[in-house]
Amino acid sequence: MSPDHPPGLDLDRLRVLLDRERPGLVTGPLSGRLIEGGRSNLTYEVSDGTARWVVRRPPLGHVLATAHDMRREHRVITALHPTDVPVPRTLLLCEDEEVVGAPFYVMEFVAGTPYRTAAQLAPLGPERTRAAVLNLVDTLVGLHAVDTAEVGLADFGRPEGFLDRQLRRWAKQLGASRNRGLAGIDELHATLGRDLPRSPAPTVVHGDYRLDNVLIGGDDDGIRAVLDWEMSTLGDPLTDLGLLVMYSSPLGLPDSPVSTTAQAPGHPAPAELIERYAARSGRDVSAVAWYTAFAWFKLAVILEGIHYRYTLGQTVGRGFDRIGDLVPVFIEHGLTTLQEG
């Protein structure tokens, strides 16, 4: 792609806007590139040759509710920046679709590495890997300790009935992309629905909290920034913990297109992550098996949706032909998690 014209980002119009709204910020011609790895909203690195920034916008062709999405992401990051939760500093929110074709926001560039696989973690060695993952837990505890009223997020979501709505939402999503038999998925959904735990006091929930949605760096392998807030809301904090536990559990599938980091040498076991979260947050985590099983169910639905689009010829890239084989594995993990408690 051309650095002058990355898809979905008109750098000339962006420069005009920045010069008007943040005079003096940009000191040279802008170049930009699309940062790979995002699943939904698009992320770009933009530079004037001296400084760097990050631009976030909705997917190309996405029209409905895009202003809402960008406004929510911008709002939660802006609200959290003065707290101990590491997030980039926001610079500008633009809801005028004439500029780049969709609402977007600009934030500072934070240096760091998102670790997506055990292979990427391996060069850190066991001690550094262990420290990085434990830092991830501690950062989650810090996020869940934020006083939502104090930072202006008291109305950021509807925590009442949160778990029930989540179950219904993902069941509806499954129904919209179901074109084959999936043994056990109805049982998993029904069991989750029968045994809804009582949620603790609501907090800001990230919604997709895992190692490759944070940037790690520095001598202490600390969390430099938590990214990808598009699913954030107010709700049950243990849903974030359950997802983190799921992504820290071995899949037992070599060369899987969906990987966890669990196999990296030094990676703490899920039980240690749960214990650390409980000790540092003071929350009752006795129902963590339910939240972890829900995470397996949620990911099974997401993967089935990807498989469904693949069968319709609507995916681009490699690895999609193997996604469908993963769905039964995620279902089985969910059922086993509930059975073992």
Side-chain angles (χ1 to χ4, degrees), residues 39-40 116-118 162-197 199 205-213 231 235-236 238-263 267 269-271 273-274 285-312 314-315 318-341:
R39 286 174 166 78
S40 180
R116 294 186 170 89
T117 66
F162 178 76
L163 294 181
D164 181 62
R165 285 200 312 278
Q166 283 284 301
L167 264 181
R168 284 190 280 110
R169 170 191 174 184
W170 290 106
K172 182 178 179 181
Q173 187 80 7
L174 175 64
S177 57
R178 192 170 181 174
N179 64 352
R180 61 174 180 159
L182 288 172
I185 198 162
D186 292 325
E187 178 189 351
L188 177 56
H189 176 257
T191 305
L192 288 167
R194 285 195 303 268
D195 300 324
L196 281 177
S199 291
V205 172
H206 181 275
D208 197 17
Y209 194 78
R210 49 200 168 91
L211 200 59
D212 64 331
N213 274 341
M231 298 179 72
D236 189 325
L238 297 181
T239 55
D240 278 342
L241 178 63
L243 193 71
L244 181 57
V245 169
M246 188 215 76
Y247 274 111
S248 300
S249 303
L251 275 178
L253 294 172
D255 302 321
S256 166
V258 176
S259 62
T260 72
T261 56
Q263 303 286 13
H267 195 294
L273 303 185
I274 296 166
V285 298
S286 58
V288 69
W290 187 96
Y291 293 94
T292 307
F294 171 66
W296 287 114
F297 172 72
K298 175 179 169 181
L299 263 293
V301 173
I302 291 172
L303 293 175
E304 185 63 14
I306 296 172
H307 171 71
Y308 177 67
R309 291 193 295 275
Y310 166 75
T311 64
L312 297 178
Q314 296 176 351
T315 55
R318 295 176 297 175
F320 290 106
D321 57 325
R322 294 149 56 204
I323 292 290
D325 294 336
L326 283 177
V327 179
V329 177
F330 277 67
I331 296 169
E332 183 60 32
H333 275 289
L335 290 168
T336 301
T337 300
L338 286 177
Q339 290 163 3
E340 295 179 350

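For P328, there are no side chain to side chain contact (heavy atoms under 4.5 Å, CB included) partners at least two apart in sequence or on another chain. Here H333 pairs with L251, W296, V329 under the side chain to side chain contact (heavy atoms under 4.5 Å, CB included) rule; sequence neighbours left out. Among residues two or more places apart in sequence or in another chain, the side-chain hydrogen bond (donor to acceptor under 3.5 Å, both in side chains) test is passed with H206 by none. For A171, the side chain to side chain contact (heavy atoms under 4.5 Å, CB included) partners at least two apart in sequence or on another chain are H189. Taking the side-chain hydrogen bond (donor to acceptor under 3.5 Å, both in side chains) definition, one finds that E187 meets it with nothing, sequence neighbours left out.
In terms of heavy atoms, S199 sits closest to L163 at OG-CD1, 3.4 Å. Between G341 and A289, the closest heavy-atom pair is C-CB, 3.4 Å. Counting all heavy atoms, side chain and backbone alike, L244 lies closest to R210 at CD1-CA, 4.4 Å. Summarising the geometry of L273 relative to S248, their closest heavy-atom pair is CD1-OG, 3.3 Å, with the distance given to 0.1 Å. Across L188 and I331, no two heavy atoms sit closer than the pair CD2-O, 4.0 Å. The two residues L174 and V301 have their closest heavy-atom pair at N-CG1, 3.7 Å.
Side-chain atoms of Y310 and I323, non-hydrogen and from C-beta on, never get closer than 4.5 Å to each other. Contact annotation: the side chain of D195 never approaches that of L338 to less than 4.5 Å [non-hydrogen atoms, C-beta and beyond]. Between I274 and T292 the shortest side-chain heavy-atom distance does not fall below 4.5 Å. At a threshold of 4.5 Å between non-hydrogen side-chain atoms, the residues I302 and W170 count as touching.
One distance of note links CD of Q166 with OG1 of T239; it measures 6.5 Å at 0.5 Å rounding. Separating the CG atom in D208 from the CE atom in M231 is a distance of 6.0 Å, to the nearest 0.5 Å. The CG atom of N213 sits 8.5 Å away from the OH atom of Y247 when rounded to the nearest 0.5 Å. Note that OG1 of T311 and CG of N179 are 4.5 Å apart. Values are rounded to the nearest 0.5 Å. Rounding to the nearest 0.5 Å gives a distance of 8.5 Å between CD of Q339 and OG1 of T191.
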Query - Full working for side chain to side chain contact (heavy atoms under 4.5 Å, CB included) between L167 and F297 - result: CA-CA 9 Å; L167 264 181; F297 172 72; 4.3 Å; yes

Requested in this report: Could you walk me through whether Y209 and L241 pass side chain to side chain contact (heavy atoms under 4.5 Å, CB included), step by step?
Outcome: CA-CA 8 Å; Y209 194 78; L241 178 63; over 6 Å; no

Report task. Carefully, step by step, assess D212 and T117 under the rule side chain to side chain contact (heavy atoms under 4.5 Å, CB included). Result -> CA-CA 8 Å; D212 64 331; T117 66; over 6 Å; no

**Report entry** Check against side chain to side chain contact (heavy atoms under 4.5 Å, CB included), Y291 and V285
**Finding:** CA-CA 10 Å; Y291 293 94; V285 298; over 6 Å; no

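Sorted by first then second residue, the salt bridge (charged side-chain N to carboxylate O under 4.0 Å, His left out) pairs that include residues 239-248, not counting sequence neighbours, number zero.
In this structure a side-chain-to-backbone donor-acceptor pair under 3.5 Å is missing from D236 to F162. S249 places a side-chain N or O within 3.5 Å of a backbone atom of V245 that can act as its donor or acceptor partner. For W290 (side chain) and L192 (main-chain N/O), a donor-acceptor pair under 3.5 Å exists by modelled atom type.
For the side-chain contact (heavy atoms from CB on, under 4.5 Å) with E304, the qualifying choice from R178, R309, R180 is R180, the only one to do so.
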